[in-house]
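Notes follow the structure.
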Amino acid sequence: MSMEKTFDPAAAEARISAAWEKAGAFRAGAHAKPGAEAFCIMIPPPNVTGALHVGHAFNIVLQDILVRWHRMRGFDTLWQPGQDHAGIATQLVVERKLAEEGNARRQEMGREAFLRKVWEWKAESGGTIVNQLKRLGASCDWERNAFTMSGAPGAPAGEARKFHAAVIRVFVDMYRKGLIYRGKRLVNWDPHFETAISDLEVENIEVAGHMWHFRYPLAGGATYRHVEKDGEGRVVVDEVRDYISIATTRPETMLGDGAVAVHPSDARYAPIVGMLCEIPVGPKEHRRLIPIITDEYPDPAFGSGAVKITGAHDFNDHAVARRNGIPCYRLMDTKGALRADGLPYAEAAARAREIAAGAVAGEAEVDALNLVPEAYRGLDRFEARRRVVADIEAEGLMSGVEAKPIMQPFGDRSKVVIEPMLTDQWFVDTAQIVGPALEAVRKGDTVILPESGEKTYFHWLENIEPWCISRQLWWGHQIPVWYGLEITDSGLQTKSGEKVFVSTVTGDPLDRGNRTNPDFWFCAATDGEAVNLAREKIASVFGVSPNTVDVFPFDIAAAERVRREDSRNCLDPRTGQVVSITDDPELFKEAFRLTFMTACRKNGRIQYAIHRDPDVLDTWFSSGLWPIGTLGWPEKTPEFQKYFPTSVLVTGQDILFFWVARMMMMQLAVVGEVPFRTVYLHGLVRDEKGEKMSKTKGNVIDPLEVIAEFGTDALRFSLAQLAVLGGMPKLSTERIRGNRNFGTKLWNACRFAEMNGVFAEDRGDGVPGARATVNRWIIGEVGRLREEVDAALGAFRFNEAAQALYAFVWGVVCDWYVEFAKPLLTGAD
RNA sequence: GGGUGGUUAGCUCAGUUGGUAGAGCGUCUCGCUUACAUCGAGAAUGUCGGGGGUUCGAGUCCCUCACCACCCACCA
């Protein structure tokens with residue numbers, strides 16, 4: 001078969017790809033020399049949210065070059081492929097798809113049915129991704145394809161790998177070691193997805209905002225002399241005021257103010273520190289009074305120097321509130337609307353006044369108080385802001401408003417304004433596990449390239465914050481913790497002589513905020529184990545044998561549904577509290593049915609109900625275990641032993657914190673080893689002008705379209721050329737076209753050889769013994785080239801390797817060697 | 001407010017121990033010569049952001065200024 005003048009990528013790629021697959025050329029250890037050193041790369045698992053873009057292509061090509069380079073030289077090579085379940089992103093995609101297809105919404109569908117839909121989506125999307133990776137020529141060991149949710153309950157056939165088990169195992173271990181904790185903290189709340197997110201998932205963007213200045217009247221009509229001085233000590237203001245002036249960019253949060261703070265050194269306010277002032281909003285007869293306190297936080301030079309403290313909706317304020325024992329009143333619901341639940345405003349405000357006056361209130365009670373006046377209840381936060389401003393202005397207590405650019409937090413996926421929200425969440429206590437991760441890079445156990453990446457890594461880890469890992473989503477690894485209500489032995493007995501149990505927990509057993517005592521949390525890999533833990537715990541509380549305790553895990557979502565749909569409610573509507581349950585079977589039946597109350601004694605046995613935390617883990621918690629999870633840990637698989645720690649991680653610098661740093665911490669915490677020896681960070685692929693590619697700009701280069709037009713090699717070579725260490729890859733179609741031409745050039749050199757019968761005879765392996773000077777010369781040149789390419793790749797300078805090959809093929813082989821060879825081939829040899 | 005990187009030919013960018021600048025694309029001229037017009041032959045274009053310093057010698061090291069980009073950050 002003689003060769004065409006131009007290379008036909010489509011035909012060749014399909015043929016070669018099939019041959020590779022048939023030969024098992026990419027299997028772990030393929031082409032390894034006996035006793036060879038291992039070389040392993042874990043693919044950064046693409047999300048199962050859709051098609052691959054050119055950024056993936058870039059990432060894949062670099063890995064493929066490293067992998068093939070090692071495999072070719074006889075290393076025992078594994079390139080581990082797989083996909084990430086990508087909690088929020090995938091849930092979003094599937095919800096959108098369901099909506100487009102006119103299906104029931106997730107909430108109507110129920111968790112189980114929805115998850116089945118997600119798995120269907122995953123099967124489709126995962127398959128697409130694998131096929132696209134294959135089109136890019138990725139030489140992964142496809143038989144080992146992994147998925148971060150494989151093996152999870154509800155996973156369909158074909159998802160039997162055990163990644164889920166590894167994730168759960170790590171959670172349980174870390175919990176038991178005290179590396180994971182749960183608590184009520186101010187977290188970044190996404191009102192669109194109605195879940196907490198981590199700090200990293202928040203994008204701070206400057207937007208046009210306003211700063212309003214309001215007057216908080218002093219309580220009881222009190223007045224004071226307000227004196228302001230300029231830099232030289234000259235008095236510029238000296239007047240009698242009956243208010244304190246504060247500034248805010250978020251007037252709607254005033255409703256939850258717990259204090260006004262000034263700096264302790266601020267002489268202007270010294271006369272009124274300790275006094276009360278009034279929040280100038282809401283029905284006049286029930287306005288709340290809050291104290292004027294001192295704290296280091298306010299900057300006397302900024303604004304009026306006085307700051308309103310809203311502990312439940314601002315991170316700074318929260319810290320101030322904590323330090324000073326100021327209550328944190330939550331104003332919003334999960335959708336970011338002002339709360340409509342709880343007691344009427346008048347009663348809530350009355351209680352808040354008592355608290356302000358010194359009444360003791362627990363965290364749960366404070367959280368349950370809804371201090372939103374009826375007029376604002378249920379309003380969206382932005383609408384509430386408008387109303388609050390209008391109302392204060394109408395009352396004449398607004399002293400000004402200025403336009404001001406402000407930094408506002410947005411959800412990276414939802415693009416809605418993030419709300420600091422006081423909620424119960426799970427956290428990794430990163431401070432405890434960060435040390436080894438820092439140390440490993442400092443010592444060089446892991447090297448990050450380019451070097452600037454190490455600086456960024458250090459900077460972030462040295463200032464690490466706790467990592468919020470719980471998400472109020474359905475698609476993900478469900479947190480392996482079961483809760484029961486706190487129960488104590490009251491010592492009381494019924495007439496028949498059996499003990500009465502007392503639940504010491506106040507509030508609603510179905511309330512997520514009500515799982516306060518960790519002694520009654522049961523963290524275990526399976527519900528069976530959780531039941532056993534609970535059984536032993538309850539038995540020990542009452543001093544009985546575990547054999548006499550029955551533990552019932554129940555589904556809290558079902559319980560909530562039962563409650564919603566039942567018009568009767570045996571809980572005290574005021575407090576939501578159930579105090580004690582005796583062994584009265586009728587009472588038990590009623591209570592259990594309506595509230596899923598947690599314990600009773602029945603037929604001489606203790607019965608105790610537990611329910612699993614409905615939340616799931618942050619996607620990055622599971623992908624943080626990618627290196628060990630894909631290799632079969634916790635089992636000591638041969639692959640784990642051979643390929644871990646892995647050799648190189650090739651990934652985008654944008655996920656240095658999200659993923660790389662966390663993998664370092666997690667692997668070191670779990671198996672005490674670094675996950676990889678070298679991290680190669682690359683930039684985001686941009687268009688030829690250096691702008692981010694986006695659908696709206698229309699400058700997206702679709703790798704599949706490029707492949708269709710120019711062939712995979714043209715794309716791959718272009719991407720390799722762009723891989724400058726620390727550089728910003730800018731891709732243009734022109735470049736790809738140029739490299740398609742390069743491919744043609746190479747093709748034609750081969751065609752020339754073929755036309756001259758070079759391939760007709762089998763010359764065997766190894767370096768041919770050349771006699772002609774030209775041939776000896778070119779063999780030497782090839783050797784030089786190889787050294788050059790090896791050196792470049794060894795230093796992760798893909799662009800230099802590409803450049804060397806380009807210059808050699810075009811400038812040496814084609815320009816000179818082919819020409820020199822012509823007389824040789826046409827001559828009488 | 002911190003941090004990181006960048007500023008080299010018209011464009012996009014390389015330039016790893018300091019030794020008077022390179023590639024691709026584009027431009028201009030010529031050429032369909034038996035591997036290749038997705039090609040060949042030839043040509044033009046740079047005070048390497050400004051300033052200062054170290055050195056025999058600096059795009060390459062140091063200082064400083066300007067501008068750009070990105071990341072991180074709680075100023076109400």
Side-chain angles (χ1 to χ4, degrees), chain A residues 3-7 186 199-200 202-204 209 211-214 246-251 253 260-262 297-299 301-310 314-320 404 406-407 409 420 450-460 463 465 653-654 656-657 683-684 686-692 710-711 714 718 721-756 758 791-792 795 797 799-800 802-804 806-807 810-811 813-815 818-819 821-822 825-826:
Chain A
M3 293 166 74
E4 298 297 318
K5 268 192 177 185
T6 53
F7 176 56
L186 204 54
D199 301 344
L200 286 177
V202 176
E203 292 172 345
N204 292 300
M211 188 144 89
W212 287 271
H213 298 264
F214 297 128
I246 61 96
T248 181
T249 54
R250 304 200 48 200
T253 64
V260 170
V262 298
Y297 165 60
D299 174 2
F302 187 87
S304 70
V307 184
K308 68 189 212 54
I309 301 300
T310 318
D314 182 281
F315 287 96
N316 290 317
D317 292 7
H318 188 71
V320 176
K404 185 178 183 251
I406 53 171
M407 292 298 278
E451 210 183 321
S452 64
E454 292 194 352
K455 292 182 187 172
T456 315
Y457 176 88
F458 289 140
H459 186 258
W460 191 68
N463 299 286
E465 294 285 326
Q653 62 199 178
D654 54 324
L656 176 62
F657 305 146
L684 195 74
R686 296 160 182 265
D687 74 2
E688 67 269 27
K689 291 176 204 146
E691 289 185 41
K692 284 187 182 179
F710 299 114
S718 301
Q721 286 178 324
L722 296 176
V724 178
L725 208 44
M728 177 195 281
K730 296 182 188 174
L731 184 64
S732 66
T733 313
E734 279 316 299
R735 179 183 286 277
I736 301 167
R737 187 194 311 282
N739 285 320
R740 185 270 317 265
N741 296 353
F742 173 58
T744 308
K745 188 75 179 171
L746 178 58
W747 173 261
N748 276 292
C750 295
R751 181 162 169 267
F752 168 79
E754 190 252 12
M755 285 167 71
N756 287 286
V758 172
R797 296 178 183 275
N799 59 314
E800 290 183 7
Q803 167 62 23
Y806 190 98
W810 205 308
V813 174
C814 294
D815 286 353
V818 170
E819 297 305 322
K822 281 176 185 172
L825 291 163
T826 53

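Computed over heavy atoms, backbone and side chain alike; hydrogens, waters and symmetry mates excluded. From a predicted model like this one, the values you see are computed outputs, not experimental measurements.
Candidate nucleotides B:U16, B:A35, B:A76 were compared by shortest atom distance to the side chain of A:Val307, and B:A76 ranks first. Of the candidate nucleotides B:A35, B:C74, B:A76, B:A76 has the atom lying nearest to any side-chain atom of A:Thr248. Checking B:A35, B:G15, B:A76 against every side-chain atom of A:Phe302, the shortest atom distance belongs to B:A76. When distances run from any side-chain atom of A:Met211 to the nucleotides B:A76, B:C74, B:C71, the shortest one goes to B:A76. When distances are taken from the side chain of A:Met407 to each of B:A76, B:A35, B:A73, the shortest belongs to B:A73. Each of B:U38, B:C72, B:G15 was ranked by its minimum atom distance to the side chain of A:Thr744; first place goes to B:U38. Relative to the side chain of A:Arg797, the nucleotides B:C36, B:U16, B:A76 differ in distance, and B:U16 lies closest. Out of B:U38, B:C74, B:C72, the shortest distance to the side chain of A:His459 is found at B:C72. When distances are taken from the side chain of A:Arg686 to each of B:C71, B:C70, B:C25, the shortest belongs to B:C70.
For the pair A:Phe657 CZ and B:C71 P, the interatomic distance rounds to 11 Å; values are reported in whole Å. Distance A:Asp654 CG to B:C72 C1': 15 Å, rounded to the nearest Å. Put simply, CD on A:Gln803 is 9 Å from C1' on B:G24, counting in whole angstrom units. The distance between atom CG of A:Asn741 and atom P of B:C25, rounded to the nearest whole Å, is 8 Å. Atom CG of A:Asn799 and atom C1' of B:U16 are 11 Å apart (whole Å). A:Glu734 has its CD atom 12 Å from the C1' atom of B:U38, to the nearest Å. The interatomic distance linking A:Leu656 (CG) with B:C70 (C1') rounds to 13 Å, in whole Å. In this structure, A:Leu746 places its CG atom 17 Å from P of B:U38, rounding to the nearest Å.
For the C1' atoms, the distance from B:A44 to B:C25 is 16 Å, rounded to whole Å. Taking atom C1' on both B:G26 and B:C11, the two are 7 Å apart, rounded to the nearest angstrom. Here, B:A35 and B:G40 have their P atoms 14 Å apart, quoted to the whole Å. B:C62 and B:G18 have their P atoms separated by 11 Å, with the value rounded to a whole Å. For the P atom pair drawn from B:G15 and B:G6, the interatomic distance equals 10 Å after rounding to whole Å. Atom name P, nucleotides B:U12 and B:U55: the rounded distance is 38 Å, in whole Å. Nucleotides B:C36 and B:U27 have their P atoms positioned 25 Å apart, rounded to a whole Å. Separating the C1' atom of B:C61 from that of B:C48 is a span of 16 Å, rounded to the nearest Å.
With RNA chain B read from its 5' end, the first of the two nearest nucleotides for A:Ala301 and A:Asp815 is the one closest to A:Asp815. Nearest-nucleotide mapping onto RNA chain B: of A:Ala749 and A:Gly738, the residue sitting toward the 5' end is A:Gly738.
Residue side chain A:Lys5 does not reach the base of B:C36 through any donor-acceptor N/O pair under 3.5 Å, judged by distance alone. With hydrogens and angles ignored, no donor-acceptor pair under 3.5 angstrom links the side chain of A:Ser452 to the base of B:U4. In the interface, the side chain of A:Arg737 is not paired with the base of B:U38 through any donor and acceptor atom under 3.5 Å apart.
Taken from CG in A:Leu722 to CE in A:Met728, the straight-line distance is 12.0 Å, to the nearest 0.5 Å. With rounding to the nearest 0.5 angstrom, the CZ atom of A:Phe742 is 10.5 Å from the OG atom of A:Ser718. Separating the CG atom in A:Asn748 from the SG atom in A:Cys814 is a distance of 8.5 Å, to the nearest 0.5 Å. Annotation: the span from A:Asn316 atom CG to A:Thr310 atom OG1 amounts to 11.0 Å, rounded to 0.5 Å. In this structure, CE in A:Met407 is found 11.0 Å from CD in A:Glu203, a value given to the nearest 0.5 Å. Atom-to-atom distance recorded for A:Asn739:CG and A:Phe710:CZ is 10.5 Å, nearest 0.5 angstrom.
Note on A:Lys822 versus A:Glu819: salt bridge recorded, some NZ/NE/NH1/NH2 to OD/OE distance being below 4.0 Å.
Under the Watson-Crick or G-U wobble criterion, with both distances below 3.5 Å, B:G46 is left unpaired in every strand shown. Under the Watson-Crick or G-U wobble criterion, with both distances below 3.5 Å, B:U4 is paired with B:A69. Nucleotide B:C39 forms a pair with B:G31, judged by Watson-Crick or G-U wobble geometry with both contacts under 3.5 Å.
As judged by a 4.0 angstrom heavy-atom cut-off over every strand, A:Asp299 is placed among the base-contacting residues. Heavy atoms of A:Arg740 sit under 4.0 angstrom from at least one base atom. No engagement by A:Phe742 is indicated, since no non-hydrogen atom pair under 4.0 Å with the nucleic acid exists. Nucleic acid contact for A:Glu800: base, since at least one base atom lies under 4.0 Å from a heavy atom of the residue. Base engagement by A:Cys814 is indicated by at least one non-hydrogen atom pair under 4.0 Å involving a base atom. Heavy atoms of A:Pro298 sit under 4.0 angstrom from at least one base atom. Residue-level contact check: A:Thr6 touches the bases, meaning some heavy atom is under 4.0 Å from a base atom. A:Val724 comes within 4.0 angstrom of the backbone, heavy atoms only, and of no base. Within the 4.0 angstrom heavy-atom criterion, base atoms lie near A:Glu819. Among the heavy atoms of the strands, none lies under 4.0 Å from A:Gly811.
Between B:C71 and A:Lys455, no contact under 4.0 Å exists linking OP1 or OP2 to a side-chain N or O. Here A:Trp810 reaches the OP1 or OP2 of B:G40: one of its side-chain N or O atoms lies under 4.0 Å away. Between A:Lys404 and the phosphate of B:C75, there is no side-chain N or O to OP1/OP2 separation shorter than 4.0 Å. Note on A:Asn748: every side-chain N or O is 4.0 Å or more away from OP1 and OP2 of B:C39.
Contact check for A:Gln803 versus A:Gln721: no side-chain heavy atoms found under the 4.5 Å cut-off. A:Trp747 places none of its side-chain heavy atoms less than 4.5 Å from the side chain of A:Thr6.
Judged by distance alone, the side chains of A:Lys308 and A:Thr253 do bring a donor and an acceptor atom under 3.5 Å apart.
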